J.: 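My questions all concern the structure below.
In this text the structure is predicted, and so the values were computed from the model without any measurement. Throughout, residue positions are numbered sequentially from 1 according to the sequence presented.
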Amino acid sequence: MSRPAAPLWLAHALRAQRGPVPWSAVTRGALAAGPLLLAGVGTEHTAPGVLAAIAAMLAGINDRPGSRRASVRRLGVPALAGALGLLAGTYAGQGPAAVPLTLALTLLGLVAGGVSAVGPVASAAGTQLLVGAAIGAGMPAADSGWQRALAFLAGAGWLLLLRLALPTPGSLTGDFRFDGERAAVAEVYDAVAALLDAVGGDRATARRAALTAALDQAQDALAGPRLRRCASSAAERRLHAQYVAALPLAEAATALFWAGEPVSARAAEGPRRLAAAVRGNTGTGPLPAPHRSAPALRALDDALLRAAETFDQGQGAQHRLLTRRMGLRGALRAAFGTGGREYGLRVAVCFGASAAIAQALHHTRWYGQHQHWYWLPATAVFLVKPDLGPLASRVLCRAAGTVLGALVFAGLAALLPRPAGLIALVAVCGALVPVATRHFAALTAVVTVLVLALVMAGGEPQASVSRIGETLLACALVLVVGHLPMPGERGGGVRARLATAGSAAHAYLVHVLGESDDRAERWVLRREAYRTLAEARSAIALAAAELPALARHTAGTDAVADVLERLVDTTTACAVHLDETGRLTPRHVGQLQDALHELRHQGVEVPLPVAA
C-alpha cells in the first residue's frame, strides 16, 4: 500500500540539495568573516569590523561553484549594491521623522524588487541593496555613511580576493585560475555522452535537460572579465574554442534524442575522451571510428572530428563567446514588465510595512534594550524573494532555522569567552555557510548564529529572544502580503518567462527554416531558446510548490513549457537534417505543425515562417 504523497509546498521545504562538500568555499568562509572581525576588535574599530564581517557573510552566500571570472560579477555587483544601500540608509536614517524614512525605504524596495527580476546577479544585488539600507538606517554607529560603505566593500572585497587568489584543492599544478572554466566545459562533453547513452530510453529527457544546464553553466563560467590580459589569452582562447566545439556535438546529440532510436555505445566514447582532455588540458588521443548510417549520426561524427582538430591546435584559435547578452533595453523590459512590477510591488509593501512596524515597536517594552529594529525589514527582504523557494517553504524554513540557531547561540554564548570565543564562532559559521546554502533552514540557522555573535561582539547583550520574535513577525507579514491581490495578473513572473521563451523559440525556428548559413548565429539562438526555456521551467516548478491559493494562478503553464520544449527539440532536429540533406522529412514538418497548433490552442502564437 503506497503512502500518501506530501503536498508540494511541504515536500519542497524538506528537500535539500546534494553534492560534494565545496572545500575551497569552506576555506574561504573560514578566512573571511572571523579574521575581519578579529582585525576590527584588535584595532579597536569594532563597528567597521562587524560591517566587514556582515559583507563577507553576504558574499559567502553568493560564493557558489563556478569560474573565478564569473565570481567577479556574482560577488562584486551585489557588494557594490549593498554598499550603496548602506550609504543611502545611513543618511536617510539621520532624520528624526519615521514617516519619511519609511516612504524612502518603500520606494527603494519598489526599485530593488523590479531590478531583481532581471536575473540572479541582479536579484542578489537587489537583496543586498535593501539589507544594506536597513542596516544603515537602523544600526547606530559613530562612523559616517561613506566610512561604513568602505568597510562593507572591504569585507566583500576580501572574500572576492580569496576567491581569485586561492587555488582549488587538487588543482595546484598548472594554471589553477582556469580550473572552474575547464570543469564547466568538460561537464558539457560528459553531458553529451550521457545523453547519447540514454537516447531511446526513459532517462533521455532528463539527460537532455542536464545537457542544457551544463551548457548554461559553461557559458556563465566563460563570461566575465579576463583575469590576466596577456599571459592568459592563449589559455582563454583554447577554452573558448573547446566550448564552441561542443555546440555542434550538443546539437547532433539533441537531434538523435528527438529521433528516439538508440545508438551504439561507442557513440559516447568520443565526447567522454574530449571531456578528459579538457580536464587534463591534454590532447584527445585516438577517437572511435565513425558510424554514419543516419543524418544525425553523420553530424555527430563530423562535429567530433572538428572538435578533435580544435583540441589538437594547441593554443586554440580566436573565438568570440557565443552568447546573447541582455542589454539595457532588455534589462529595463524585465524590470518594468509584468514580472518585475508584481515582484517590485510585493517587495515594496513588505519592506515598507516591516520598517514601519519595526519603528513603531522600537521604543516599546517588546524590544527592550536591543537597538536593532532593522532586523525586521532585513528579514522580510530574504523572505519575500521567490528565487529562494516557494513562499510557504521559505516561511517554514526561516522560522525553524531561526529558532534552532537562536537556541544554539544562547547555549554557546553562556560558555564561550568574550571576545575570542565569539570571533572563533563567527569563523566557524563562515566556514559552514557554503555547505548550509543547500537548504534554506540550515542556512538560516548558521546565519542566525553568526549574526547574533556579531551583535554580541559589537558590545550589545545577548539577543536570541528578540531575534526569534522579529523573525516570526516577519514570517507572518510576508505570508499576508504574499496573498494580497496586486494590480495586474497573478503569476506574471512565470508568464513573462514563458513569453520570453516563446519569443526565443520563434527566433530560432525562423533562422533554421530560413536556411541561413550562419551557424554561429544559429548556435546563439539555440542557446537562447534552451536557456530561456530552462528559466521558465524553474519558475514554473517553484510556482507549482506554492500553497494552493497561489499555485492555481499558474496552473497549465507546465503544459505550455512542454510544447515549447518539443518545438525547440524539433527545430534542432530540423537544423541538423537540413545541414545533411537539404530538405525536411514529413515527420519533421508534421511535428513542427503539431507543436505550433498546440501552442495556438494554449494561447501562444509562434507563427510558422513562410519559407517552411
J.: Using 0.5 Å steps for rounding, measure from the CG atom of Leu509 to the SG atom of Cys574.
T.: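 If we round to the nearest 0.5 Å, Leu509:CG and Cys574:SG are 8.0 Å apart.
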J.: Return the CZ to CG distance between Arg208 and Leu256, rounded to the nearest 0.5 Å.
T.: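 Answer for the CZ-CG pair, Arg208 versus Leu256, is 14.0 Å.
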J.: For the atom pair CZ (Arg306) and CG (Leu247), what is the distance rounded to the nearest 0.5 Å?
T.: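 Arg306 atom CZ to Leu247 atom CG measures 11.0 Å (nearest 0.5 Å).
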J.: So, for Ala504 and Ala529, which heavy atoms are closest and what is the spacing to 0.1 Å?
T.: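 Result for this residue pair: CB-CA, 3.8 Å.
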J.: Measuring centre to centre across the rings, with the benzene-like ring taken for any Trp, is Tyr189 within less than 6.0 Å of Phe311?
T.: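 For Tyr189 and Phe311, the ring centres are under 6.0 Å apart.
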J.: Which pair of heavy atoms, one from Pro65 and one from Arg74, lies closest together, and at what distance?
T.: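 Scanning both residues, the minimum pair turns out to be O-NH2, 4.3 Å.
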J.: Taking Arg522 first and then Asp517, would you say they form a salt bridge - that is, a charged N and a carboxylate O separated by under 4.0 Å?
T.: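 Not counted as a salt bridge, because no side-chain N and carboxylate O are separated by less than 4.0 Å.
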J.: Before accepting this row, confirm whether a basic side-chain N of the pair Arg73/Asp220 lies closer than 4.0 Å to the acidic partner's carboxylate O.
T.: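 Salt bridge absent between Arg73 and Asp220.
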J.: Determine the minimum heavy-atom distance between Val188 and Ala246, stating which atoms define it.
T.: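 Shortest heavy-atom contact: CG1-CB, 3.7 Å.
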J.: How close do Pro295 and Glu580 get, heavy atom to heavy atom, and via which atoms?
T.: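 Looking at all heavy atoms of both residues, the closest pair is O-CG, 3.3 Å.
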J.: Once rounded to the nearest 0.5 Å, what's the spacing between atom OG1 of Thr554 and atom CD1 of Ile540?
T.: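 Nearest 0.5 Å value for the OG1-CD1 distance: 7.5 Å.
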J.: Would you name the heavy atoms of Ala505 and Leu564 that are closest together and state the gap between them?
T.: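 Nearest pair, atom of Ala505 first, then Leu564: CB-CD2, 4.2 Å.
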J.: What heavy-atom pair brings Ala25 and Pro434 nearest, and what distance separates the two atoms?
T.: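 Reported closest heavy-atom pair: O-CG, 3.4 Å.
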J.: For the atom pair CH2 (Trp258) and CG (Asp569), what is the distance rounded to the nearest 0.5 Å?
T.: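 Trp258 atom CH2 to Asp569 atom CG measures 10.0 Å (nearest 0.5 Å).
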J.: Could you pull out all residues at least two apart from Phe351 that satisfy ring-ring contact (aromatic ring centres under 6.0 Å, His included)?
T.: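 Testing Phe351 for ring-ring contact (aromatic ring centres under 6.0 Å, His included), a comparison that skips the adjacent residues, returns none.
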J.: Apply the test salt bridge (charged side-chain N to carboxylate O under 4.0 Å, His left out) to residues Glu181 and Arg68: give CA-CA distance (whole Å), side-chain angles for both, the deciding distance (0.1 Å), then the verdict.
T.: CA-CA 8 Å; Glu181 288 92 334; Arg68 284 172 173 78; 6.0 Å; no
J.: Which one of Asp558, Thr557, Asp562 satisfies the side-chain hydrogen bond (donor to acceptor under 3.5 Å, both in side chains) criterion with Arg537?
T.: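 That would be Asp562; it is the only one of Asp558, Thr557, Asp562 passing the side-chain hydrogen bond (donor to acceptor under 3.5 Å, both in side chains) with Arg537.
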J.: Whether the Thr572 and Tyr508 side chains hold a donor-acceptor pair (N or O, under 3.5 Å, no angle test) is what I'd like checked.
T.: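 There is such a pair between these side chains.
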J.: To the closest 0.5 Å, what do you measure between CZ (Arg526) and OG1 (Thr571)?
T.: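 Answer for the CZ-OG1 pair, Arg526 versus Thr571, is 10.5 Å.
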J.: Indicate yes or no: does Arg552 engage Glu546 in a salt bridge with an N to O separation below 4.0 Å.
T.: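 Salt bridge between Arg552 and Glu546, a charged N being under 4.0 Å from a carboxylate O: no.
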